[in-house]
Amino acid sequence: MLSESSLFLKGVLLGSVFCVLMTMLGHIKIDYGKRTHHHERHHLQRHHLQAPNKEDILKISEDERTELSKSFRVYCIILVKPKDVRLWAAVKETWAKHCDKAEFFSSENVKVFESVNMETNDIKAYKYAFDKYRDQYNWFFLAHPTTFAIIENLKYFLLKKNSSQPFYLGHTAKSGDLEYVSVGGGIVLSIESIKRLNSLLSIPEKCPEKGRMVREVSEDKQLAVCLKYAGVFAENAEDSKGKDVFNTKSVGIFIREAMTNHPNQVVEGCCSDMAITFNGLTCNQMYVMMYGVYHLRAFGHVFNDVLVFLPVNGSDND
Amino acid sequence: MSEIHFREMASKSWLNILTFLCGSAVGFVLCSQLLSILLEEQKDIQPSILHNDPHARHSDDSEQNHLEGQMNFDADASQHKDENTDIAEKLYQKVKILCWVMTGPQNLEKKAKHVKATWAQRCNKVLFMSSEENKDFPAVGLKTREGRDQLYWKTIKAFQYVHDHYLEDADWFMKADDDTYVILDNLRWLLSKYNPEEPIYFGRRFKPYVKQGYMSGGAGYVLSKEALKRFVEAFKTDKCTHSSSIEDLALGRCMEIINVEAGDSRDTTGKETFHPFVPEHHLIKGYLPRTFWYWNYNYYPPVEGPGCCSDLAVSFHYVDPTTMYELEYLVYHLRPYGYLYRYQPALPEKILKEQQNIPPLILNNLH
């Protein structure tokens, strides 16, 4: 009897030890997964790139914070068509002022606005940007004028990312095997990615500058194909809760969907607090978003942010 | 002989193995339960340190008319990890606001529901006023009829109800419609400079018909405790008329008769805080045509475009359900990281007196 009970107890001991080991291993596996360098990839998986979380931020010192705020130099490319004149004006007067530099690319010159004259094509635009600005900016953001962007949140998202790595970020989608960033949500490329893109442009078979032979292939997919050849892969940008920060829909659409799908958690289920873009806005909505983001707030809610961004000169919308 | 012995031994070793396996299974299960409890505790500890919305701690009312937090605000605590709401919470304690929302049986599910899901929970107390009682919502029954011509009568009865049941439970008494969106934190900032024992009321001030002006009904208005007392008293003594088809004007006239001051609700830069329309209508130049009544009604010079609306706006009107949630998202969720807002309003004196309790970082960062 004694031998049996001691055997039982030994069993209990072994079982507990085994359990603890497994739990520990489980945690180590998760940690390892987090720290795994994002450049290791499997082509068929969706790649998620996360905003920095609090623990990472606290490790940055005071001086580093100031330096960091200034170290993000974002050049914005907005591809416009002449018929978009009103949207063009709205973007110019609103969020584009928060880019370190913003230029509008149009295939036709419109008297009222300055623009860079070229066929509105993602790839050409990026090449132009690289040729002209490679030394001055380290991040390149491309959007259409129906998109509203919060550049401060973009810079926050890029906080722990080195621009000399090949980043290609935004709201991703899949077309067969190809994972690409939807232009509707905005496309972000690091300087390294543009360098690589540029070097490929000399090989027209791989990456033609002009429009493709196959006209149906949309520009954002084309860009993805070119970048893929250069070893640059699309990554979906998410916050620490897994919510997309680049959005191809407007806030209103998200809210309406949430009211149908989860009516008890409408705002919680909607969008990220650190959203960077929304798409499908009218001009009026651009101004409303500027007010809603840069002005309207609740008194007494204070945030301890690592970065500091001052209001821009010559702007009355923020 | 040896065979039996062998069998005995075999069965005994089977038994041993079984015992051992049982033991290890039990050990494993017990241990995993213990570990999961321990790990859960770790997760549970974190939220109590975080500063969450004020209302989460104040649902101590047991009366059935009070709304308990049915909706899960800030369920995603991690998005608000960097947020410090000490000042908002202090104001919640010091400037007690009772809100009552004008609604009706047809609108409880269509409109009032969304008010309840968004800003209403931030009132110190909130009541939904309808012509008939609804125990489930819950809504107070004023025993009136419904309709535009009943608005003033409903208003009188609602204020009377509030006075009779909740006078000592709040300092200020806010009326709003079921299509008004109110930012309580900003209302508290505005009212913190005033004494609720003084006869004063605030809202979007209109100039016609009443010498000192009157407050737009839809944009919402808020009465001090003294103003409420005088208002209710005025009907008992017939100082004010009971009937009118224009609620806000009638109330404004009454306020003037009983010497309740029409306050200036603009912020310290002169921008309006109560708004009779949604932001888009005020922000877009030319949206409201020049022939529109609004331009002649505003007490202070009306502004369209970016100067229309205070950063610390208190209310918007004609807000449909979708826009309720959009405003909620824009005010309490979406923000530009690290941005130093142009308008840096001062801390109210009530908070300044307790300055030593507030860490300097927060004082400096105060928007």
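Fair warning: this is a prediction, and the values are worked out from it, not measured in the lab. Within every chain, numbering begins at 1; the chains are lettered A, B, ... in the order of the sequence lines, protein sequences first and strands thereafter.
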Work out which heavy atom in [X] is nearest to a heavy atom in [Y]; give both atom names and the distance.
X: B:P306; Y: A:D316; value: CB-O, 3.2 Å
X: A:S272; Y: B:L334; value: O-CD1, 4.0 Å
X: A:D305; Y: B:G338; value: OD2-N, 2.8 Å

Contacting moiety of [X], where chain A heavy atoms sit under 4.5 Å:
X: B:H114; value: side chain
X: B:S310; value: backbone
X: B:V26; value: side chain
X: B:L184; value: neither

Contact winner vs chain B - [options], heavy-atom pairs under 4.5 Å:
options: A:V266, A:V308, A:L13; answer: A:V266
options: A:A275, A:C283, A:P311, A:G292; answer: A:P311
options: A:V312, A:N317, A:L9; answer: A:V312
options: A:I150, A:N284, A:L310; answer: A:N284

Examine whether an atom of [X] lies under 4.5 Å from a heavy atom of chain B, and if so say whether it belongs to the side chain, the backbone or both; otherwise answer neither.
X: A:L296; result: both
X: A:M290; result: neither
X: A:S315; result: both

What verdict does the side chain to side chain contact (heavy atoms under 4.5 Å, CB included) test give for A:C270 and B:Y325, after you've listed the backbone C-alpha separation in whole Å, the side-chain angles of each residue and the deciding distance to 0.1 Å? CA-CA 9 Å; A:C270 161; B:Y325 294 108; over 6 Å; no
With heavy-atom distances below 4.5 Å as the criterion, would you say the side chains of [X] and [Y] are in contact?
X: A:M259; Y: B:P321; result: yes
X: B:H333; Y: A:V267; result: yes
X: A:S16; Y: B:F28; result: no
X: B:Y329; Y: A:C271; result: yes

Is the positively charged end of B:R188 above the ring of A:F299, judged by distance under 6.0 angstrom from the centroid and angle within 45° of the axis? no
Looking at B:N84, B:D86, B:T85, which one forms a side-chain contact (heavy atoms from CB on, under 4.5 Å) with A:H301? B:T85
Looking at B:V29, B:I284, B:V278, B:L30, which has the largest count of heavy-atom pairs under 4.5 Å with chain A? B:I284
Based on non-hydrogen pairs under 4.5 Å, which of B:G305, B:A313, B:G23 is most in contact with chain A? B:G23
Let me see the working for A:Y294 and B:Y339 under ring pair (Phe, Tyr, Trp, His ring centres under 6.0 Å), right down to the final yes or no. CA-CA 8 Å; A:Y294 293 99; B:Y339 187 70; 4.9 Å; yes
Which members of residues 245-255 of chain A, sorted by number, sit under 4.5 angstrom from chain B on a heavy-atom basis? A:V251, A:G252, A:I255
Greater than 12 external heavy atoms within 6.0 Å of [X]'s [atom1]:
X: A:K92; atom1: NZ; result: no
X: A:K70; atom1: NZ; result: no
X: A:K161; atom1: NZ; result: yes

Pairs touching residues 305-325 of chain B that satisfy salt bridge (charged side-chain N to carboxylate O under 4.0 Å, His left out), sequence neighbours left out: A:R297-B:D311
What I want to find out is whether A:D318 reaches B:R342 closely enough, with some N-O distance under 4.0 Å, to be called a salt bridge. yes
For the [atom1] atom of [X] and the [atom2] atom of [Y], what is their distance to the nearest 0.5 Å?
X: B:C22; Y: A:F8; atom1: SG; atom2: CZ; result: 6.5 Å
X: B:E328; Y: A:E268; atom1: CD; atom2: CD; result: 8.0 Å
X: A:Y287; Y: B:E280; atom1: OH; atom2: CD; result: 12.5 Å

Give a yes or no answer on whether the side chain of A:N153 reaches the backbone of B:Y337 with a donor-acceptor pair at less than 3.5 Å. yes
Stepwise side chain to side chain contact (heavy atoms under 4.5 Å, CB included) check, A:H295 with B:Y343: CA-CA 8 Å; A:H295 284 288; B:Y343 183 47; 5.9 Å; no
